[in-house]
Amino acid sequence: MWNNRFLIPLLLIFGVVVLSCNRNSKFSDKMIDFCSKTIVIPSDKMERRFCSFYSDTAQYKKKWHYYTYIDGADCQSCEIGKIAINEQSNKDKVPQLEFSYIVRVPKTEIEYVYRKFCNARIEGTLYLDTCDAFRIANPHFPDLKVFHAFVLDRYGRVMFVGHPFQSERMEKLFFKVIDKEMRS
């Protein structure tokens, strides 16, 4: 009887360890797969808008593009507020970084979402995706939210996954990537 009381918790702990190791392996596989493929931005199939004239003229001069993908379910005021704070706080740290947002939204909500972004004073390029064009062009794009922020070079190659300014550690890592890219 005494052995069974310890055997069951030990088996549960062993199961959790095995599952978490398996999850980390799957995550690593997804990360490798995501970074090894080019991300296509089907701008001709999405409605591109700007809340600021500056965005339209500066967009093609930038070397890197920081995209945030927002599924329609995520497109709430608090999410847009976080995006606005992130952009305003960090846009001057890397002058060659263009902030862009891909928002999956029903056609009936395009104007509402556009006004929300403009009211938040977002200056980056806004892609309103009403027909899942981004997901169709990138079938390898994971559902995991950590992949919904990424930095691409001019050629659509993934340079960084995640929000580069989310923490001091992420920012240092991001600047290492940028520094390496600038040297090559």
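Values reported hereafter were calculated over all heavy atoms of this structure, with side chains retained and with hydrogens, waters and symmetry mates removed. Quick caveat, the model's predicted, so the values are computed rather than measured.
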(request) Check the pair F160 / I178 against side chain to side chain contact (heavy atoms under 4.5 Å, CB included), numbers first and verdict last. (result) CA-CA 9 Å; F160 193 84; I178 293 294; over 6 Å; no
(request) Could you tell me whether R104 and D71 make a salt bridge, using a distance below 4.0 angstrom between a side-chain N and a carboxylate O? (result) yes
(request) Kindly indicate, with the supporting measurements, whether the criterion side chain to side chain contact (heavy atoms under 4.5 Å, CB included) is fulfilled by K176 and K180. (result) CA-CA 6 Å; K176 280 183 184 179; K180 182 181 173 186; over 6 Å; no
(message) If I take atom CG from residue L126 and atom CE from residue M46, how far apart are they, to the nearest 0.5 angstrom?
(response) 10.0 Å
(request) Applying salt bridge (Lys or Arg N to Asp or Glu O under 4.0 Å), name anything that partners R157, two or more places apart in sequence or on another chain. (result) D153
(request) List the steps, then state whether side chain to side chain contact (heavy atoms under 4.5 Å, CB included) holds for V177 with D179. (result) CA-CA 5 Å; V177 170; D179 187 48; over 6 Å; no
(request) Indicate whether any N or O donor in one side chain lies under 3.5 Å from an N or O acceptor in the other, for Y66 and H163. (result) yes
(message) Distance check, rounded to the nearest 0.5 Å: I83 atom CD1 versus N86 atom CG?
(response) 8.0 Å
(message) Between H65 and F99, is the ring pair (Phe, Tyr, Trp, His ring centres under 6.0 Å) condition met? List the steps.
(response) CA-CA 6 Å; H65 297 271; F99 286 75; over 10 Å; no
(message) Checking Y101 against E87: is there a side-chain donor and acceptor pair closer than 3.5 Å?
(response) yes
(message) Nearest 0.5 Å, please: how far is NZ in K63 from CD in E181?
(response) 6.0 Å
(message) Could you tell me if the side chain of V161 sits less than 4.5 Å from the side chain of C35, heavy atoms only?
(response) yes
(request) Could you give me the CA-CA distance, side-chain angles and deciding distance for Y69 and F134, then say whether ring pair (Phe, Tyr, Trp, His ring centres under 6.0 Å) is met? (result) CA-CA 9 Å; Y69 175 80; F134 179 75; 5.4 Å; yes
(message) So, taking the atom named CD1 in I102 and the one named CG in N138, what distance separates them when rounded to the nearest 0.5 Å?
(response) 8.0 Å
(request) Please work out whether the ring planes of Y67 and Y127 are parallel, tilted or perpendicular, with thresholds of 30° and 60°. (result) tilted
(request) Taking disulfide bond (SG atoms under 2.5 Å apart) as the test, write out the residues that go with C131, two or more places apart. (result) none
(request) Is it possible for you to say whether F174 and I85 belong to one hydrophobic cluster, with membership spreading through side-chain heavy-atom contacts below 4.5 Å? (result) no
(message) Is it the case that atom NZ in K93 sees more than 12 heavy atoms from other parts of the structure closer than 6.0 Å?
(response) yes
(request) Examine the side chains of N119 and K116 and answer whether a donor and an acceptor come within less than 3.5 Å of each other. (result) no
(message) Return the CD to CD distance between Q96 and E98, rounded to the nearest 0.5 Å.
(response) 10.5 Å
(request) Quick one: closest heavy-atom pair of P42 and A137, and the distance? (result) CG-CB, 4.0 Å
(message) For a 4.5 angstrom cut-off between non-hydrogen side-chain atoms, does Y112 reach V105?
(response) no
(message) What verdict does the side chain to side chain contact (heavy atoms under 4.5 Å, CB included) test give for V103 and T68, after you've listed the backbone C-alpha separation in whole Å, the side-chain angles of each residue and the deciding distance to 0.1 Å?
(response) CA-CA 8 Å; V103 184; T68 302; over 6 Å; no
(message) Enumerate the side chain to side chain donor-acceptor pair (under 3.5 Å) contacts for residues 35-47, please, sequence neighbours excluded, ordered by first and then second residue.
(response) D33-K37, E47-R49
(request) Report yes or no: do V146 and F150 belong to one cluster of Ile/Leu/Val/Met/Phe/Trp/Tyr joined by side chain heavy-atom distances under 4.5 Å? (result) yes
(request) State yes or no: do F141 and V40 share one hydrophobic cluster built from I, L, V, M, F, W and Y residues joined by side-chain heavy-atom distances below 4.5 Å, directly or via other members? (result) no
(message) For residues M170 and W64: do they belong to one hydrophobic cluster (side chain heavy atoms under 4.5 Å, members Ile, Leu, Val, Met, Phe, Trp, Tyr)?
(response) yes
(request) Drop me the distance from M31's CE to L144's CG, to the nearest 0.5 angstrom. (result) 9.0 Å
(request) Please determine if D129 and K107 form a salt bridge, counting it only when a charged side-chain N lies under 4.0 Å from a carboxylate O. (result) no
(request) Say whether M159 and F175 are linked into one hydrophobic cluster, either directly or through other cluster members, by side-chain heavy-atom distances under 4.5 angstrom. (result) yes
(message) For T130 versus P106, what's the shortest heavy-atom pair and its separation?
(response) CG2-C, 4.3 Å
(request) Could you pull out the closest heavy-atom pair between Q88 and R121, with the gap in Å? (result) NE2-O, 3.0 Å
